[in-house]
Amino acid sequence: MTAQRGKDLLLKIEGAGGVFTTVAGLRARTISLNARTVDATDGDSAGRWRELLAGAGVKSAAVSGQGIFRDAASDALIREAFFEQAARTWRLIVPDFGVLEGAFIVAALEYAGEHEGEASFALSLASAGEISFEAL
């Protein structure tokens with residue numbers, strides 16, 4: 001796999017009619033996939049080494065992004081999802097890796113602006129259900 005441009009990583013939110021809208025203006029994005037472990041170590045564990053129970057941990061995904069306002073449609077969908085605290089379907093496209101899709105809640109939404117600069121925003125998403133993965 002060759003190096004990828006960060007701007008090619010896309011974040012989309014599902015709107016009315018199942019149509020996905022790209023969150024425009026994002027300058028930085030981060031996707032974190034996590035799996036907690038369950039320690040199954042006991043007095044009979046071989047060599048007193050820790051044993052983990054396969055497949056028993058909780059999986060989660062977190063997404064964060066920050067950028068500038070460029071699109072009223074995606075801004076409205078994000079703002080609506082935050083104030084409703086509704087789990088919406090989001091699609092994350094990572095070039096030469098795959099597509100992650102599933103329910104996320106907008107855990108944080110921040111707005112900022114410098115006096116002589118552009119208005120900016122930052123958002124954090126927390127997975128709220130099963131996340132599917134399709135390799136590209």
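Only this structure's heavy atoms are used, side chains among them; waters, hydrogens and symmetry mates stay out. These numbers were taken from a predicted model, which means no experiment stands behind them.
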Could you give the distance from [atom1] ([X]) to [atom2] ([Y]), rounded to the nearest 0.5 Å?
X: Gln66; Y: Ser120; atom1: CD; atom2: OG; answer: 8.0 Å
X: Phe121; Y: Arg70; atom1: CZ; atom2: CZ; answer: 11.0 Å
X: Leu10; Y: Leu92; atom1: CG; atom2: CG; answer: 9.5 Å
X: Ile13; Y: Leu125; atom1: CD1; atom2: CG; answer: 8.0 Å

Between the main-chain N or O of [Y] and the side-chain N or O of [X], is there a donor-acceptor pair closer than 3.5 Å?
X: Ser74; Y: Val23; result: no
X: Arg91; Y: Leu11; result: no
X: Ser132; Y: Glu101; result: yes

Inspect the contact between [Y] and [X] and indicate whether a charged nitrogen and a carboxylate oxygen are less than 4.0 angstrom apart.
X: Glu130; Y: Lys59; answer: no
X: Glu14; Y: Arg88; answer: no
X: Arg27; Y: Glu118; answer: yes

Where [X] and [Y] come nearest, the two heavy atoms and their spacing:
X: Ser60; Y: Ser127; result: CA-OG, 3.6 Å
X: Gln85; Y: Val106; result: NE2-O, 3.0 Å
X: Pro95; Y: Ile93; result: CD-O, 3.7 Å
X: Ala103; Y: Ala87; result: CB-CB, 4.1 Å
X: Ala24; Y: Asp71; result: CB-CB, 3.4 Å

### Query
Stepwise, does the side chain to side chain contact (heavy atoms under 4.5 Å, CB included) test hold for Thr21 with Leu77?
CA-CA 9 Å; Thr21 301; Leu77 286 170; 3.8 Å; yes

### Query
With a 3.5 Å cut-off and no angle check, do the side chains of Ser45 and Glu51 form a donor-acceptor pair?
yes

Assigning hydrophobic clusters by single linkage (Ile, Leu, Val, Met, Phe, Trp, Tyr; side-chain heavy-atom cutoff under 4.5 Å), is [X] placed with [Y]?
X: Phe82; Y: Leu26; result: yes
X: Leu100; Y: Phe20; result: no
X: Ile78; Y: Phe83; result: yes
X: Leu123; Y: Ile68; result: no
X: Trp90; Y: Leu109; result: yes

### Query
Leu9 versus Ile31: any side-chain heavy-atom pair under 4.5 Å?
yes

### Task
Could you please spell out the steps behind the side chain to side chain contact (heavy atoms under 4.5 Å, CB included) verdict for Phe104 and Thr89?
CA-CA 6 Å; Phe104 286 84; Thr89 302; over 6 Å; no

### Task
Begin from the C-alpha positions of Tyr111 and Asp75 and carry the test side chain to side chain contact (heavy atoms under 4.5 Å, CB included) through to its verdict.
CA-CA 11 Å; Tyr111 295 97; Asp75 178 51; 3.6 Å; yes

### Task
Report the C-alpha separation of Val94 and Leu136 in whole Å, then their side-chain angles, then the decisive distance to 0.1 Å, and conclude whether the side chain to side chain contact (heavy atoms under 4.5 Å, CB included) test is met.
CA-CA 9 Å; Val94 182; Leu136 290 178; over 6 Å; no

